[in-house]
Amino acid sequence: MVQDKVSQALLEALRSAQQRGMLKLEQTPVINLEAPKRPEWGDVSCTVAMSLSASERRPPFEIAQIIIDHIEQPDLLFSRVEIARPGFLNLTVKRQLWMDVLHAIEAQGASYGHSHLGQGRRVLVEYVSANPTGPLHVGHGRGAAVGQALVRLLKATGHEVVSEYYINDAGRQMKLLGVSVLARYLESCGKSVAFPEDGYHGDYIRAVAARVKAKEGEGLVSLPTVEAEQRSKDVAYRELLTLIRQDLETFGIVFDSWFSEASLLTSGTVDQVLGELKARDLLFDQDGAQWFRSSVFGDEKDRVVRKQEGDYTYLASDIAYHRDKLRRGFDLLVDVWGADHHGYIPRMQAVVQAYGYPKERLRVVLVQMVNLLRGGQKVEMSKRSGEFITLREVMDEVGVDAAKFFFLMRDSSTHLDFDLELAKQQSQENPVYYVQYVHARIASLRRVAESRDITCPFPSQADLHLLEDPDEIALIRKLSVFPVVLQASAVELEPHRMAYYLRELAGMVHPFYNKHRILPPAPDSDAGTAVSIESASSPSRPSEAVAPSLTGARLALMWAVQQVVRNGLQVLGVSAPEQM
RNA sequence: GCGCCCGUAGCUCAGUCGGAUAGAGCAUCAGCCUUCUAAGCUGAGGGUCGUUGGUUCGAUUCCAACCGGGCGCACCA
């Protein structure tokens, strides 16, 4: 990689300067490379001279000069080396090195940008994990998009990843679900019943009740309430979980594993786990309840695991669940949570530490609320009242790709405004199309070329030295950074970086396409005299002459661009269409 | 009150490890389709990076205080 070669050369220069006594270098300096904003600052710039200034007690400019003087055979790497004002090293890399980027993309294809950073470390990514008490809503959609992108990013960086959905199929909410469904069921059987005040009011509950009736007839009417509730709950659970699974599938997401909370309770795992903690004096009894000493591990206070009435809290099963995850031998646990659960992080980290692991073994990615708007007006959502926009509705209205990209466009830790009217209106102008269009446009380019018997060479088959326009070099430079972006996106667990990169790349390709000619004009088109007239009146229509070899080189470049766009979209779980 | 997140253009947001003249999209205005897909392109206007201090060659970025917004602080999940 170009960046690696440059930093290596600079590091060697620093060392050799040190050996000759020109620099002290008390600590090995970090070679800080960045992409300059202005073309006259070269391809790569480095700020190491300025950061050394203090410890070397010399002006940065002098240090920069020393570094330059000690670069061995600068001609091999650089075509120009300059020092700018305080002490920036502005380096222009030889063109041949940029061409190597295209060769690398060709050689690596779909795995260009991928790395072995993770060294096969095993990661469990748990996400969505919505209670099976209703259909998924928009907020879950965002978590789903983020979680899936994280899975793909981690896989692409050499991690062994398992995705898991934790089903909260125990506890109060499920009980309430059973009660709600039974109430609707009894209604449909002509019984008048008071609907539970805190029950689930959504229309889907009636649909589920209808399924219960289809299955059980009116048999539940005569059963004892407890049993009738239980049966309603069982049917509802299966129905709703299937619904969730189908919604996710439509969204392009399939989990490796589904983990049931109830299974931890029925198998006695929770009892066992709490027993272990008790034996280690990490649990204590107080006020008739049982508490976990999470404060020992930095939580602000201890937490109840078993209530006075004897029921377990959610935390109890979560302790058992996370212990189970750790026992399965994962090197890293990634939990994707709604941001309103952030107060829960310290106690889960306490759990991890209670089992002897550093708290960093658990990384929680918080997904902030989706603010649903309709024509600028906030849509109030509440699962209880049943007024909420489902993921299904959003997918139907905006499309899967657009919805995903929208969710991934922003840092997941910030609030997201999602205006349904706007999303519908903009379905033609959504940023995702801007990126996908690059892929489709290049595909089209190649189709046209083939129809005209113009061969589309791979980089290795093209005269790449013909790519000398600054726009072409800039594009290649952008492609060269893709692996860096992918890595950063994975390491920071921030998929939005990739989304932004792709938009930036698209923002270079479309202007390039409009400015530069790739194929020669169609033979039947009336070129010649018309061109000169047009070029005067419409500068956005490219009229530059392209020799066949330049066409080949540019097609090879476009091929590489297409590959990178495809790889980038892949990692976000968004499709790369051949045609739009 | 305590904790977490956030405050950057009219709106929605990027901004890497502190770097050079702070960037996109939308919206507004003015233009570009007889030639590779106009889901595109060109140009214009628009900024006290919440405020005040501190750290240093240099701060949107780091630190502190304050102001404003969101969320959390359950024997709910």
_Return whichever of A:Phe512 or A:Cys46 has its heavy-atom-nearest nucleotide of RNA chain B closer to the 5' end._
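Looking at RNA chain B, the more 5' nearest nucleotide goes with A:Cys46.
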*First of A:Leu445 and A:Glu504 reached from the 5' end of RNA chain B, by closest nucleotide*: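 On the 5' side of the pair lies A:Glu504.
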*Assign A:Thr414 to base, sugar-phosphate, or nothing according to its heavy-atom contacts below 4.0 angstrom with the strands shown.*
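Sugar-phosphate contact only.
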*Mind checking A:Ser413 for me? I need base, sugar-phosphate or nothing, with any heavy atom below 4.0 Å counting as a touch.*
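Sugar-phosphate, no base atom in range.
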I'd like to know if [X] reaches the base of [N] with its side chain, counting only an N/O donor and acceptor under 3.5 Å.
X: A:Ser45; N: B:A20; result: yes
X: A:Asn90; N: B:A20; result: yes
X: A:His342; N: B:C71; result: yes
X: A:His341; N: B:G72; result: no

So which nucleotide from [options] ends up closest to the side chain of [X]?
X: A:Tyr513; options: B:C36, B:C75, B:C41; value: B:C36
X: A:Asp417; options: B:U12, B:A77, B:A39; value: B:U12
X: A:Ala289; options: B:A14, B:G40, B:C75; value: B:C75
X: A:Asp340; options: B:C41, B:C75, B:C71; value: B:C71
X: A:Asn32; options: B:C17, B:C36, B:C71; value: B:C17
X: A:Glu261; options: B:U16, B:C36, B:A77; value: B:A77
X: A:Thr313; options: B:C75, B:G25, B:C73; value: B:C75
X: A:Asn168; options: B:A77, B:C75, B:C57; value: B:A77
X: A:Arg517; options: B:C75, B:C36, B:G25; value: B:C36
X: A:Phe88; options: B:C71, B:G19, B:C36; value: B:G19

*Rounded to the nearest 0.5 Å, how far apart are CD1 of A:Ile454 and SG of A:Cys456?*
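Rounded to the nearest 0.5 Å, the CD1-SG separation comes to 8.0 Å.
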*asked:* Tell me whether A:Ser295 contacts the main-chain N or O of A:Lys301 through its side chain, where contact means a donor paired with an acceptor under 3.5 Å.
replied: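 Side chain of A:Ser295 to backbone of A:Lys301, a donor-acceptor pair under 3.5 Å: no, none is there.
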Distance between the [atom1] atoms of [N] and [M], in whole angstroms?
N: B:U60; M: B:U48; atom1: P; answer: 14 Å
N: B:U8; M: B:G3; atom1: P; answer: 24 Å
N: B:G69; M: B:A30; atom1: C1'; answer: 38 Å
N: B:A64; M: B:C73; atom1: C1'; answer: 25 Å
N: B:C13; M: B:C5; atom1: C1'; answer: 16 Å
N: B:C75; M: B:C71; atom1: C1'; answer: 23 Å
N: B:G23; M: B:U61; atom1: C1'; answer: 15 Å
N: B:G46; M: B:G10; atom1: P; answer: 11 Å

*For residues A:Thr92 and A:Asp43, is any side-chain donor paired with an opposing acceptor at under 3.5 Å?*
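Result is no, nothing qualifies.
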*Do A:Glu494 and A:Ser489 get their side chains close enough for a donor-acceptor pair, meaning under 3.5 Å?*
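Result is no, nothing qualifies.
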*Describe, in one word, how the ring planes of A:Phe406 and A:Phe418 are oriented to each other, choosing from parallel (under 30°), tilted (30 to 60°) and perpendicular (over 60°).*
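Taking A:Phe418 first and then A:Phe406, their aromatic rings sit tilted (interplane angle of 30° to 60°).
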*asked:* In terms of relative ring orientation, are A:His496 and A:Tyr500 parallel, tilted or perpendicular, with 30° and 60° separating the classes?
replied: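 Answer is perpendicular, since the angle exceeds 60°.
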*State plainly whether the residues A:Arg347 and A:Asp302 are in salt-bridge range, i.e. N to O under 4.0 Å.*
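Salt bridge absent between A:Arg347 and A:Asp302.
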*Let me have RNA chain B in dot-bracket notation, would you? Count Watson-Crick plus G-U wobble pairs, both distances under 3.5 Å, and use [ ] for pairs crossing earlier ones and | for inter-strand partners.*
(((((((..((((.....[...)))).(((((.......))))).....(((((..]....))))))))))))....
